[in-house]
Structures are given as structure tokens and as C-alpha cells.
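This report refers to the structure that appears directly beneath it.
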Amino acid sequence: MREFPSCFGENGVQVADSSSSSITRAAQNAVTCVYQCKSRGSSCLITVSWTKTLMGQGLSVAIDDLINHCLCKVEIKPWLFSKRKGSKNLEVQSGKIDIFWDLSCAKFGSGPEPLEGFYLAVVFNKEMVLLLGDLKQEACKKIASDCVYAHSGTFFIAKREHIFGNKFYGAKAQFCDKGQVHDLTIECDTVGLNDPCLVIRIDSKTVMQVKRLKWKFRGNHTILVDGVPVEVFWDVHNWLFGNAMGNAVFLFQTCISTEKLWEGQSVSDPSSLTWASSQQFRDSQLQGFGFSLILYAWKNE
């Protein structure tokens, strides 16, 4: 088994700041999804971020080309989220970008990401490159009839999420584009135990168990999901030796070249990892290396 630091570079693993407060954790109630889209021969990355604060729900959409250049970014801040339906038209050097959204009937669970009753569409030069949500017909009615939907060129390639719990931490996981959505559960009780254990389950089935966790607080292990190898990396140093209210980090990666992809990256600090500005990430995903899921697990007070 490879050691965690070797997989993320010599200085790649950093323990999160022990001064993290409950306010900081609340601010990190966010889900970020990255989509690779292709329009008329050119590719881009669209990053959709859903946030939830005491002020309400928030949404941002960032579009980047493949040379680390941000084409545009649209933010619907929580205090403006009462306007849950709208559109934004932007002129960029390579053409026109239109973003449409309708969250007026959206239903949310405990997290910031809507479950149903919404749509979010991105149109580039009259070609719809991204369409999210279950109200697809409503979206098509809203958008010009001459718009073409380039669904075959859109791939869900990465997700970053903050999850919360005490002993159990849950998330939905889709390890390949348009693949089956699984229930992922992380179990780890570090309170008052001399020999804590880490257990990961997929659809209630145990796929990984780490004993002697104080000696193996960082590591990696390969599991099989839907017949696809998924490499799991974990870092629970904070839970065992740092701030008890700090976060642990879990990375699920279908890429076989994980070491090259994440070399030199710091994943313990949520603000340090920005997929849209990482050339390594872009190059690797464009070569079809697979899907990445990063979970930041926070203990509730």
C-alpha cells in the first residue's frame, strides 16, 4: 500500500488549520461538480457550485477553457436567491454564452444541492452544452427553438462535497458518467476508543475496513464498484491527533494514474484545490482517466 504523502507529492498533505470554527464549517456546506463539455470541436470545463448558508441557498457557474482562462462566472448569492428563476447573457471572445436557471420549485434535502424540481442550462453559441435537473422539457421551451443540445459531448468528471456527522457520514456517489448512483457511507468512531476503525460501505455492503487506524491514519486501498477499480485515499489525522472538530479527507478516484494526477496537490485544505485551474487535472480528464470524488468529512458538535 502506498503511503498517502507519496501519492500527493512530498508536501502534498497538509493538516487543516486547527483554528477551524463552527462558522467555518457552516460556510463549507457546499457541493461542487465539474463537467467536461464539447461544442463544435472545442472543449471547456463547467464548474457548478451549490452552497447553503444561514442566509439561504446559493449557486455559481464558472466556465473555463482548456488553457486555464476563465471565460465567465455567474453567481447567484444567497441574499438574491429569492429570484429563483432567470438568465444571464454574456459575450466572450469565442462567442456568446447564455445561462438559464429555474429553481422556483426546487426541492432540497439537508444539503445545498437541489434534488428535483429545477433546471440549469448553459448554451454556447446556440448549442446547449449542459442541462441539469429534471425539468428538461421546461428548459427546452424557455430556450430558443434553434438551439441544439450537444448531450453526447458532456461528461460529469468530478465532484467535491462537504459532509457532516459524528460516527456515520453519508453521500451519493456516481463513479462514472451516467453510471449508477450509489449510497456511500463512511463509519469512523474516534471518541474514547483505543483502537478506532474505519469502514466504508457502498449500498450497505462493506467494501473496505481499516483497523489500527492510529498507525494507518493516511493510506490508500483499491475497491471494485460496478466492476470498475476505484482507488480510495484517506487522511483522518485531524480526527485522531489534531483538532477534534477538524475535517478528514477522502478521495475516490477511478483514474489509474492517481499519483501523477494529484502530485503536489494539497487536499486537506478545501480552499487549496481548484480543479478548473489545474492543468494536470484538465489534461488527465481529457485523456479519459476517469472520475474523481473528494469528500471533506466534518464532525458535528
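What's counted below: heavy atoms across the whole structure, side chains too, no hydrogens, waters or symmetry copies.
- Proximity of a side-chain donor or acceptor of Thr206 to a complementary backbone N or O of Met208 within less than 3.5 Å is not detected.
- When all heavy atoms are compared, the tightest approach of Lys52 to Gly109 is NZ-O, 4.0 Å.
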Checklist entry - Can you list the steps and then say if Val61 with Ile46 is a side-chain contact (heavy atoms from CB on, under 4.5 Å)? => result CA-CA 7 Å; Val61 180; Ile46 300 179; 4.0 Å; yes
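- Thr51 has its side chain out of reach of Asn29: every pair of non-hydrogen atoms, C-beta onward, lies at least 4.5 Å apart.
- Tyr119 has its side chain out of reach of Lys136: every pair of non-hydrogen atoms, C-beta onward, lies at least 4.5 Å apart.
- Between Phe217 and His237, the ring planes are perpendicular. Angles over 60° get that label, and only those under 30° would be called parallel.
- Distance CG/Leu295 to CD1/Ile163: 4.5 Å, rounded to 0.5 Å.
- In this structure the side chain of Glu161 never reaches within 4.5 angstrom of the side chain of Tyr296, judged on heavy atoms.
- With hydrogens and angles ignored, the 3.5 Å screen pairs no side-chain donor or acceptor of Asp189 with any backbone N or O of Lys167.
- The minimum heavy-atom distance between Glu113 and Cys33, with the atom names listed, is OE2-SG, 3.8 Å.
- Shortest non-hydrogen contact noted between Phe250 and Ala248 is CE1-CB, 3.9 Å.
- Panel note: side chain Asp134, backbone Glu116; no donor-acceptor pair is recorded below 3.5 Å.
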Next on the checklist: side-chain contact (heavy atoms from CB on, under 4.5 Å), that's the test. Do Phe175 and Ile202 meet it? Break it down for me.
Outcome noted: CA-CA 11 Å; Phe175 293 101; Ile202 304 290; 4.3 Å; yes
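- Under the 3.5 Å distance criterion, the side-chain polar atoms of Lys299 are matched with a main-chain donor or acceptor of Asn166.
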Checklist entry - side-chain contact (heavy atoms from CB on, under 4.5 Å) between Arg201 and Leu184: does it pass, once the steps are laid out? => result CA-CA 6 Å; Arg201 298 183 179 91; Leu184 188 154; over 6 Å; no
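- Considering every non-hydrogen atom in both Phe241 and Lys214, the closest pair reads CZ-O, 3.6 Å.
- The heavy-atom pair separating Lys172 from Lys159 by the smallest distance is O-NZ, 4.1 Å.
- Contact annotation: the side chain of Asn238 approaches that of Asn247 to within less than 4.5 Å [non-hydrogen atoms, C-beta and beyond].
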Item to check | Step-by-step side-chain contact (heavy atoms from CB on, under 4.5 Å) determination, Tyr169 to Thr185 | outcome: CA-CA 6 Å; Tyr169 305 82; Thr185 304; over 6 Å; no
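- Listed for the Thr154 side chain is a donor-acceptor partner under 3.5 Å among the backbone atoms of Val129.
- Checking side-chain atoms of Asp102 against main-chain N and O of Phe118 turns up no donor-acceptor pair under 3.5 Å.
- Panel note: side chain Gln209, backbone Ile200; no donor-acceptor pair is recorded below 3.5 Å.
- Side-chain atoms of Thr254 come within 3.5 Å of backbone atoms of Phe291 as a donor-acceptor pair (strictly under, hydrogens ignored).
- A donor-acceptor pair under 3.5 Å is absent between the side-chain atoms of Lys126 and the main chain of Val123, judged by distance alone.
- Checking side-chain atoms of Asp195 against main-chain N and O of Cys197 turns up no donor-acceptor pair under 3.5 Å.
- In the hydrophobic clustering of this structure, Leu135 does not group with Leu115; members are Ile, Leu, Val, Met, Phe, Trp, Tyr whose side-chain heavy atoms approach within less than 4.5 Å, directly or through other members.
- At a threshold of 4.5 Å between non-hydrogen side-chain atoms, the residues Pro114 and Lys107 do not count as touching.
- Shown here for Asp235 and Arg218, the closest heavy-atom pair between the two residues is OD2-NE, 3.1 Å.
- One distance of note links CD1 of Ile143 with CE of Met128; it measures 3.5 Å at 0.5 Å rounding.
- Following chains of ILVMFWY side-chain contacts shorter than 4.5 Å, one can reach Leu90 starting from Tyr35, so the two form part of one hydrophobic cluster.
- Between Trp239 and Leu213, the closest side-chain pair of non-hydrogen atoms is not below 4.5 Å.
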